[in-house]
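Keep in mind that the numbers below use all heavy atoms, side chains included, and drop hydrogens, waters and symmetry copies. Below, read A as the first sequence line, B as the second, and so on, with proteins coming before strands; counting in each chain starts at 1.
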Amino acid sequence: MSRTQHRAPERRRPRPQPRVVSRLLTGSVLTVFVVFFVLPVLWLLLAATKTDQQLVHDSPLSIGSWHAFMANWHGLTAFQDDAILLWLRNSALYAVISLAITLCVAVPAGYALAMTEFRGRRMLLISTLVVMLMPNATLVVPLFLEINAVHLIGTMWSIILPYSFYPFGVYLTYIYFTTAVPKDLLAAARMDGCSEFGVFRHIALPLATPVIALVGFFSFVANWTNYFLPYVMLPESSQMPIQVGVGNLLSSVPSFNPAVGDVAIQRPELALATLVAITPVLVVFLFAQRFLVSGMLAGATKE
Amino acid sequence: MTLTHTSAGSAARRPRGAARQSRAGMAFVAAYVILLIAFGVLPTAYAVYFAFTDAGGTFTGISNFLTTGHDFRFMGAVSHIAVYLVFWLASLVVFVVGLALLLHRLASGTAGKALRFLYYIPGALAGAASVLVWLFMLDPTVSPVSSLLSALGFHTFGEVIAPGNLPVLFTIIAFWTGAGGWIVVMYGALNNIPTDVMEAARIDGANAWQTAWRVQIPMLRKWIVYMVILAFAGGAQLFVEPQLLSLASVGVAGRDYSLNQLTYDFAFQMNNINGAAAVSVELLVVSVSAAAVFVARSGFFDAE
């Protein structure tokens, strides 16, 4: 809040050397936000290399030691016999399987909504929009009841299947095809005797690479970072994904929760666990990054 | 209306092609329709059914809504969420649009790319990870900004996470993780504004501020509305932040801060599934109708 109040009057005041002053202002605002966005991550990286004492007494941006880092790693993996590795494996399993289903389902659906006419199309489009706007977390309890009714509670399908349903992906694909791929192109292919599936497979799909990357990225991140659904569906530690797992670790840190007994986890170990939890998303982001802008643009540039 | 017309018209002209297309279209959406019914329509219907019945399945009218509404924690949770949403949406609109405009002006090439990437990094820490990071940032004993915290008058973790501060803290956490993605989106949308429009504004003598206010922001409107809709829906379902904070707060923050925590408690602590369903239904109705108002006002989905 206070930052806006700062910025607005400064921008409006008469500028003797408009170029220099506004450049400086722009630069400093952007830098302040770089600090805001990056400092916590940097701190987290360094915290994992320190002992708990160093964390409290040393300068916050000092580097610890390899020794302390390894000690933290051993302390972390010792928690419930490598539980952290198990949680990582679980997360990967859940996120990747549901990602595969999402792509197989969402891309053809978005394509069909955009490029073909069929009965119920408009109705489906509207319900996709409505469902997309529906907050998922409010459906967690009803989903629990539904999954419970078909006896899938405690199995990985209780979260993989709900994750696979990704209306936002259908909507993105739909927008992409309506705006970026000319219908004439498909009509020409049909004229040449291409089957409907052939048109999709040979014309539409190759053109859709950016949007596939985009949907894949958003869906992966959404699945990897979801907390509420697995928290409810998979209460057993051995089945938790990493998100719920690190939440579990948190309640074993004495400085946050003095009631813990022998199984204590120290703060640097928790910082390390957080790092471990985010690494896959960062890696995927690095690969998907170039599609993020180009995909977004492709969705809106062409008429 | 118009749509049915055109499709009927083309069907009359090329009956075979249209029928073939129609069949293919249905085949392409079939799997999605199954998932839509199983994980969109059915749970919603289930929630509504449970909200209006009791544990034995008898219709009870609005009694579940009354019971939960009179629960001593309900109004508290509603007002917490309302205050949080005001902070969160305001900060998102002001800072995301502002930063995207600044980036767009300054940044050509590598600098812009690097900044967008740096801003986006926390996006990877959504969910539990972002809350954990901020628990550290807000704990004066280990925080890198502990001097800032003490300048603001906070010396212990308990003081920082006092209930009155929570809407601001949750806003900071949510903004930290969510803003980068939206900045990328807004930046992309700004890139899409045709150069001749920007050129014309410059020739007409508009300065940067005027261009932003009169040309760029109006052209971003749809994206801003879209962001607000999704952020509203996301903000109303706050769960992981208060839930983890309640684990770490030595009892300062309760387990019933947000409405979703309340549904969780009704369902799994108090064994009142029907009450939980009633709260879920209320949240759904509020989120979807707010979204509907935005959509109707902005014409966001006019793409049709």
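For the pair S127(A) and L36(B), the minimum side-chain heavy-atom distance is below 4.5 Å. For the pair S143(B)/P60(A), no side-chain contact is recorded, criterion being any heavy-atom separation below 4.5 Å from C-beta on. At least one side-chain heavy atom of Y32(B) sits under 4.5 Å from a side-chain heavy atom of T128(A). Residues V29(B) and F118(A) are in side-chain contact: their nearest non-hydrogen atoms beyond the backbone lie under 4.5 Å apart. In this structure, L39(A) and V145(B) have side chains that are in contact, with non-hydrogen atoms separated by less than 4.5 Å. At least one side-chain heavy atom of F256(A) sits less than 4.5 Å from a side-chain heavy atom of L135(B). Under the 4.5 Å side-chain criterion, counting only non-hydrogen atoms from C-beta, F228(A) is not in contact with V240(B). By the 4.5 Å heavy-atom criterion applied to side chains, T44(B) and P142(A) are not counted as neighbours.
In terms of non-hydrogen atom pairs under 4.5 Å with chain A, the most contact-rich of V288(B), N260(B), L283(B) is N260(B). Each of G127(B), P43(B), G234(B), G180(B) has some count of heavy-atom pairs under 4.5 Å with chain A, and the biggest count is that of P43(B). The candidate with the highest count of non-hydrogen atom pairs below 4.5 Å against chain A, out of A30(B), A31(B), P122(B), is P122(B). Options L61(A), V170(A), L44(A) differ in how many heavy-atom pairs under 4.5 Å they form with chain B, and the most are formed by V170(A). Note on V130(A), L161(A), L270(A): by heavy-atom pairs under 4.5 Å with chain B, the leading option is L161(A). Note: V133(B) leads V133(B), T177(B), V131(B), V33(B) in heavy-atom pairs under 4.5 Å with chain A. With chain B as the partner, the residue from V232(A), D58(A), L42(A) showing the most heavy-atom pairs under 4.5 Å is V232(A). Looking only at heavy-atom pairs under 4.5 Å with chain A, the residue among F136(B), Y46(B), F232(B) that has the most is F136(B). The greatest number of non-hydrogen atom pairs below 4.5 Å with chain B, out of V56(A), V199(A), I242(A), is found for V56(A).
Residue V141(A) touches chain B through its side chain alone, counting heavy-atom pairs closer than 4.5 Å. In this structure, the portions of L145(A) lying under 4.5 Å from any heavy atom of chain B include both its backbone and its side chain. For a residue to count as touching a neighbouring chain, one of its non-hydrogen atoms must lie under 4.5 Å from one of that chain's; by this rule I34(B) does not touch chain A. Contacts of M26(B) with chain A are made by both backbone and side-chain atoms, with heavy-atom separations under 4.5 Å. Using a 4.5 Å cut-off between heavy atoms, A236(B) makes no contact with chain A at all. Neither the backbone nor the side chain of E282(B) comes within less than 4.5 Å of any heavy atom in chain A. Using a 4.5 Å cut-off between heavy atoms, L124(A) touches chain B through its side chain atoms alone. Looking at A273(A), neither its backbone nor its side chain comes within 4.5 Å of chain B, counting heavy atoms on both sides. Interface remark: F266(B) contributes no atoms to any contact with chain A (heavy atom separation under 4.5 Å). Heavy atoms closer than 4.5 Å to chain B are found in the side chain of V131(A), but not in its backbone. When heavy atoms are compared at a cutoff of 4.5 Å, P280(A) does not approach chain B at all. When heavy atoms are compared at a cutoff of 4.5 Å, V34(A) approaches chain B by way of both its backbone and its side chain. Using a 4.5 Å cut-off between heavy atoms, L230(B) contacts chain A through its side chain alone, with no backbone atom that close. Neither the backbone nor the side chain of L275(A) comes within less than 4.5 Å of any heavy atom of chain B.
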Verdict with supporting geometry, V142(B) and D52(A), side-chain contact (heavy atoms from CB on, under 4.5 Å): CA-CA 9 Å; V142(B) 298; D52(A) 202 56; 5.9 Å; no
side-chain contact (heavy atoms from CB on, under 4.5 Å) assessment of W176(B) paired with V41(A): CA-CA 11 Å; W176(B) 186 72; V41(A) 183; 3.7 Å; yes
Derivation and outcome, ring pair (Phe, Tyr, Trp, His ring centres under 6.0 Å), residues F39(B) and Y163(A): CA-CA 9 Å; F39(B) 301 111; Y163(A) 280 174; over 10 Å; no
Criterion side-chain contact (heavy atoms from CB on, under 4.5 Å) on L30(A) and L115(B), from CA distance to verdict: CA-CA 8 Å; L30(A) 291 175; L115(B) 283 176; 3.9 Å; yes
Residue pair F268(B), F144(A): steps toward the ring pair (Phe, Tyr, Trp, His ring centres under 6.0 Å) verdict: CA-CA 11 Å; F268(B) 301 105; F144(A) 175 86; 4.9 Å; yes
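For Y120(B) and F37(A), the ring centers sit 6.0 Å or farther from each other. For Y231(A) and F239(B), the distance between ring centers is under 6.0 angstrom.
Minimum heavy-atom separation, A112(A) to F28(B): CB-CB, 3.5 Å. The shortest non-hydrogen separation linking A129(B) to Q243(A) is N-OE1, 3.7 Å. Closest of all the heavy-atom pairs between V246(A) and A128(B) is CG2-CB, 3.9 Å.
Here CG of L132(B) is found 13.5 Å from CZ of R267(A). Values are rounded to the nearest 0.5 Å. Remark: F33(A) CZ to L103(B) CG distance equals 11.0 Å, nearest 0.5 Å. For the atom pair T141(B) OG1 and L55(A) CG, the distance stands at 8.0 Å (nearest 0.5 Å). Separation of atoms CE (M137(B)) and CZ (F36(A)) is listed at 11.0 Å; rounding is to 0.5 Å. From R119(A), atom CZ reaches atom OG of S22(B) across 7.0 Å, with rounding to the nearest 0.5 Å.
Panel note: side chain E196(A), backbone A24(B); no donor-acceptor pair is recorded below 3.5 Å. Side chain of Q237(B) to backbone of A137(A): a donor-acceptor contact under 3.5 angstrom is found. Checked by atom type and distance alone, the side chain of Q21(B) never pairs as donor or acceptor with a backbone atom of T116(A) at under 3.5 Å. When atom types are taken as modelled, the side chain of T138(A) and the backbone of L284(B) share no donor-acceptor pair closer than 3.5 angstrom.
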